[in-house]
Structures are given as C-alpha cells and as structure tokens.
Amino acid sequence: MPVEDPFAVRRAKRDALIESGETPYKDRFDFTHRASDVIAEYGHLEAGDDSADVVAMAGRVVAKRDQGKVAFVVVRDATEDIQLFCRVNVLGDDGYEVVRSLDVGDWIGATGTVLRTRRGELSVSPTEIVLLSKSLRPLPEKFHGLTDTETRYRQRYVDLVMNREVRDVFHARFRIISAIRRHMESQGFLEVETPMLHPIPGGATARPFVTHHNTLDMEFYLRIAPELYLKRLLVGGFERVYEINRSFRNEGVSIRHNPEFTMLEAYQAFTNLDGMMDLTEGIVAAAAQEVLGGLRTSYQGVDVDLTGPWPRRTMIELTSEAAGEDVSFGRTADELRELCSTHGVPVDDSWGKGKLITEIFEKLVEGNLVQPTFVTEYPLETSPLARKKPGQPELTERFELIITGREIANAFSELIDPVDQRERFAKQIEAKASGDDEAMGYDEDYLRAMEYGMPPAGGLGIGIDRLVMLLTDSASIRDVLLFPHMRPEA
RNA sequence: GGGCCGUUAGCUCAGUCGGGAGAGCAGGGGACUUUUAAUCCCAAGGUCAUAGGUUCGAUCCCUAUACGGCCCA
C-alpha cells in the first residue's frame, strides 16, 4: 500500500491510533515548565552536563532529526523552542516508536531530565512522550519557511507557527495596548464600552457599512467612530473616559487602510487642546517605552525621535512655507483653486477655502513631516465637532499628530455649544444632500444631550494600528492585523 | 479606478528562444546512539491559477478573468 501523500499518511496514523483504542486528541497535559523556564533554570549546564531533574513540557514539533536509535525533536511552545534528545535506551522500544511516528506539526507532551548535549544544545531527554494532538497537514519547508504574502495573511495560524518575527510583532502589539491601558488608568480614565451598531453614522466623516436589524426592522450602521457616545458620557458626568474601539469604514484597502481598524478615543473634562497634547505625548511615550525601552526608533530606515514635547505648527504656516506663498483664508477661493491646480491637487466645486487649504496641506506637507509634529488650527469646514478658534471662526482648536508622514492622532478642544453644533450638523446634511456620502448624519439625540450641558473638554483619537506599525517598523497595516481583510480565495 | 509585476510539486524556487517540466526541503522505503538546514542510498510526487485564442503543437505567445503584491489617484 504505497501511501505517500503526506496528508494521507498522517490521516492513517490518526486512524490507526483510534483503532488501537488510544486517542490522538488528548484533553489535558500538566506541564511543569515552559521552554523559557527550562532555559532560565538550566541555562548554566555545560556541554555534556546531565541534570537529574525531571521536567514536563508541552508544545508543537517543529523539526525532527531521526538517527536510528536516537532522535532530536525540536518543540516550540508559546515562549521558546527547545530540543528533545530522544534515546531508545531511555524511552524503551514502545516509547521510541512514539517518537518515530511523530510528524512535524504534532502537539506533544514530554517528560524527562534536563541536560546539555556534547554539542552544547540545552535539551530535555524524555522518558515519556505523549501525542497530544495529531497534525494532518505538513508545515512549510523548514529553512525558507512561509514567505508567500497571500498565504501568510490568509493562513495567519501557519505564519505564526513559522515566523518568529511575526509572533514578535503581535506580541509587541498586545504589550502596546496593555501599556496604553495602564497609562490611561494611571491618569484616572475609565475604560467604557459604547455601541458598535449606530442608528446614525457620526463622529467622523466616512462611508459607513450598513446592516439590518430584523426584529426592529431598521437599518443600523457599523460605527465609524465612538465619539458621539463617549461625549454623551461627559454630559452624564464621567469626566475621563476612553474606549479602545474597533471602528469600520467602508473604504478602500491599502497598505495603510483596513475596513476595520482599532482606535483609542479619550475624552477629558475641564481641559483643552493643550491637555490633549500632554495626554498624547504620555500615551505614545508609554507605548514606546514598553516595546522599545526608549523613545528613539527607526521606521523603514528613517530615524524617529519620539522625545517630547513635540513641535506645534499651524496648518497654514506649514502649507504656506511649503508652497512658498501665502496659503490662508486671506486668499480668494479662486486663488486657492489655482494653487491646487499648480500643485496637481484635484478639486471639487463644492469645496470651500478650508477644504482647499487642507488638500494643499495634505499634498505638500503631510507626507514630509517625519518627526512627531502637532499640526494645529484645522479649518472649520473639515472639523464639524471641534471648537472654533476664538477670533478666527474659520479655524478650529484641533490638532493632528503626524509622524513619518502619517496621521497618528487627531484631537480637539471639543465643541460644547449645542446651538453651534446644530448649525454644523445642518451643514453636514447639506453636504450629504449634494452628494457627499461621507458627511455625518444629523444626530438629534446628541444635540439633546449637549443641550443639557457638556463640560469643557478635550477629546483625542489615536490610530492604534498605525502606532503599532511605527513601533514595530511594519510597512503595511496588514502586518499588524492578525487577520487582515482579503477577498475570498480564488 | 489606472499602471506595473506575480501565480510551476505540500513549502522555497529554477526552467522551457513554442516540441508537452526540474531542484532543495517536506512526505515514502532503507542505513545511522550527540544532531541542529543532520548525513548517505533508493523510489515517488505536477490540470505549470482559470477560460478562451493563435499554432501541426501552448505551461511558454495573445486576450479576458480570478487572487495577490507594489506604485499612482
């Protein structure tokens, strides 16, 4: 019976075990040591040293070198790899037969003594090995591993098994988020959860996903931002709240965009934009300290220094500098349109001066801001939820934090005047009516909340995926998302 | 949405100026009691992404499609 298809061979082993009354899918293994514990406790052993200590460990077989009466099996657990030095005289014939039948990919439990081989490899010499779970599919080749991007994203589980750097990136991601939570807690913020199904899309300008609630027989939108719910909590008297939220935007997929993404939004009563700058610097520093151990890093070959305080520059200043001429509300809309065409910025007839300036800024400046920079004084036209700048009603008290040419954070001194907010919603509705499918909805309940009185407050949003990209030197957002969205397989 | 590139064995890749395909690893058989990309011997493994077209003949040339990557909008 020449069964040579790897899947079939493994399947036959599984079936044979079941036939013999032994399950290839155990339900428990009590280990005493993770691989890293073995390394920490027995790292001092010299080549050829033999400890009498018995340890029990579990993991996945990632390599096997069979030499007849001795075999080397490399086992990987969540912490490290460790070698099993399997000998027939220690395991006995039956025990060694278990080793022989192992395939790369199998989960096993091993009990044995710790030693360091003559060649210097710290190893466990098992007296017993049990198969915990049979793997039916062969893992990728041991030397090159899995490199095909498509397969890596589609079968992230294999990517994680095979690629240490990938495990490290996600480990860093989890630590970053954990450090941010600790920092927020230390600053007195409450972590809250607000709805993901919104009857009215708001809190950002973006195309939403639409879904249907059967019982209520109505449309809901997957949130594009949690902002309006978090600010309702300010009205309710929670003075410092934040949510690490998944939000959804029905837009393109690119190296920087995924349809669902993770954001931190925080609101703090009785402070303003300056408070949000401090908070932002604190959060980024906490995250960087956690995974970099400092504030300097290198992103795609470019050195980045995250040491604060970061420079604060107005959008108009920066844009005028880059354009070599005044780019401000002092210019006519026609002049600004002319500038757009000079710099190859496509324009839309419905855009006012604010939008035109923002577009020129994005074209000429944003991508060139490598070191952390707070860009301030965004136009009112593109900031429907931010407080107006006193004396300059066409500008708002808003900043975006740009690092390596990308928006990492966005913050306002919040608009708390319900009458002003009502007017701005009306403008959004006009924009929607004239075809802007990213415009916000008119949220009457949010206005009602504001009319009860919202305390002065600063609000902040940080793109967690982009922050993780920066701190892990990842070129694509897909490299920091466990399961990035893709079209169904061909 | 546009442009360029890719898709060959489970994995990593060659290759065919158009005559119908190869390696390494993995897998199978054998040898080996200190290997670590173990080594050695033997045998096996493919709808060359999919669908059309050109041709005596297409995995290779052409067109379209699918999926992916990069760049641009």
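Sequence lines set the chain letters: A, B, ... in the order given, protein chains first and strands last, and positions in each chain run from 1. Here the structure is a predicted model, which means the values were calculated and not measured.
You'll find the side chain of Phe399(A) reaches within 4.5 Å of the side chain of Thr280(A), heavy atoms only.
For the C1' atoms, the distance linking U8(B) with U16(B) amounts to 11 Å, nearest Å. Comparing the same atom, C1', in C56(B) and in U63(B) gives a spacing of 22 Å after rounding to whole Å. Here, C32(B) and G22(B) have their P atoms 34 Å apart, quoted to the whole Å. G18(B) and G2(B) have their C1' atoms separated by 33 Å, given to the nearest Å. With C1' as the reference atom, G20(B) and U55(B) are 14 Å apart, rounded to whole Å. Across the P atoms, A49(B) and C60(B) are found 8 Å apart, a figure rounded to whole Å. Atom name P, nucleotides G29(B) and G53(B): the rounded distance is 46 Å, in whole Å. Going from the C1' atom of C11(B) to that of G27(B) covers 12 Å, rounded to whole Å.
Rounded to an integer number of Å, the gap from Gln67(A) CD to G30(B) P is 17 Å. Atom CE in Met486(A) sits about 15 Å away from atom P in A66(B), given to the nearest Å. Between the CD atom of Glu359(A) and the P atom of A73(B) there is a distance of 12 Å, rounded to whole Å. Protein atom CD of Glu150(A) is 7 Å distant from nucleotide atom P of G69(B), rounded to whole Å. Distance Arg10(A) CZ to A26(B) C1': 9 Å, rounded to the nearest Å. Distance Asp66(A) CG to G29(B) P: 11 Å, rounded to the nearest Å. We find that NZ of Lys134(A) is positioned 10 Å from P of G27(B), with the value rounded to whole Å. Taking atom CG of residue Leu146(A) and atom C1' of nucleotide C25(B), one finds them 14 Å apart after rounding to whole Å.
Among the atoms of the strands shown, only primed sugar atoms or phosphate atoms (P, OP1, OP2) are found under 4.0 Å from some heavy atom of Lys363(A). Within 4.0 Å (heavy atoms only), Arg478(A) reaches sugar-phosphate atoms of the nucleic acid but no base atom. Among the atoms of the strands shown, only primed sugar atoms or phosphate atoms (P, OP1, OP2) are found under 4.0 Å from some heavy atom of Ile255(A). Using a 4.0 Å heavy-atom cutoff across all strands shown, Phe7(A) reaches no nucleic acid atom at all. Val74(A) comes within 4.0 angstrom of no nucleic acid atom, judged by non-hydrogen atoms across all strands. Across all strands shown, Thr117(A) has heavy atoms under 4.0 Å from base atoms, whether or not it also approaches the sugar-phosphate. Gly48(A) comes within contact range of no nucleotide atom at all, as no heavy-atom separation falls under 4.0 Å.
Look at A21(B): it lacks any Watson-Crick or wobble partner with both distances under 3.5 angstrom. The nucleotide C67(B) finds its pairing partner in G6(B), both defining distances of the Watson-Crick or G-U wobble pair being shorter than 3.5 Å. The base-pairing partner of A43(B), taking Watson-Crick or G-U wobble contacts with both distances under 3.5 Å, does not exist among the strands shown. Nucleotide G57(B) has no partner under the Watson-Crick or G-U criteria, as no pair reaches both atom distances under 3.5 Å. For A26(B), there is no paired nucleotide, since no Watson-Crick or G-U wobble pair has both relevant distances below 3.5 Å.
Taking the six-membered ring where tryptophan is involved, the planes of Phe361(A) and Tyr378(A) are perpendicular, since the angle between them exceeds 60° and thus also 30°. Between Phe248(A) and Phe209(A), the ring planes lie perpendicular to each other; the angle is over 60°, past the 30° to 60° tilted range.
For residues 86-102 of chain A, the salt bridge (Lys or Arg N to Asp or Glu O under 4.0 Å) pairs, not counting sequence neighbours, are Asp66(A)-Arg100(A).
Comparing C25(B), G68(B), U36(B) by their closest approach to the side chain of Arg487(A) singles out G68(B). Minimum atom distance to the side chain of Lys69(A) is reached by U33(B), of the listed A37(B), C13(B), U33(B). Residue Arg65(A) has its side chain nearest to A38(B) when only A38(B), C25(B), G27(B) are considered. Of the candidates A38(B), C13(B), G69(B), the closest approach to any side-chain atom of Lys142(A) belongs to A38(B). For Arg118(A), counting side-chain heavy atoms from C-beta on, the closest listed nucleotide (U12(B), G68(B), U34(B)) is U34(B). With distances taken from any side-chain atom of Pro138(A) to the nucleotides U34(B), A26(B), U12(B), the minimum falls on A26(B).
A salt bridge between Lys134(A) and Asp103(A) is present, with a side-chain N of the basic residue lying under 4.0 Å from a carboxylate O of the acidic one.
Here the CD1-CG distance, from Ile244(A) to Leu264(A), works out to 5.0 Å after rounding to the nearest 0.5 Å.
Across the interface with RNA chain B, nearest-nucleotide mapping of Lys13(A) and Pro346(A) shows Lys13(A) to be the residue nearer the 5′ end. Both Gln83(A) and Asp148(A) lie near RNA chain B, and the one whose nearest nucleotide falls closer to the 5' end is Asp148(A).
A close approach under 4.0 Å does not occur between any side-chain nitrogen or oxygen of Thr149(A) and OP1 or OP2 of G69(B).
Aromatic pair Phe72(A)/Phe85(A): centroids less than 6.0 angstrom apart.
In terms of the side chain to side chain donor-acceptor pair (under 3.5 Å) criterion, residue partners of Arg152(A) (sequence neighbours excluded) are, by chain and number, Asp159(A).
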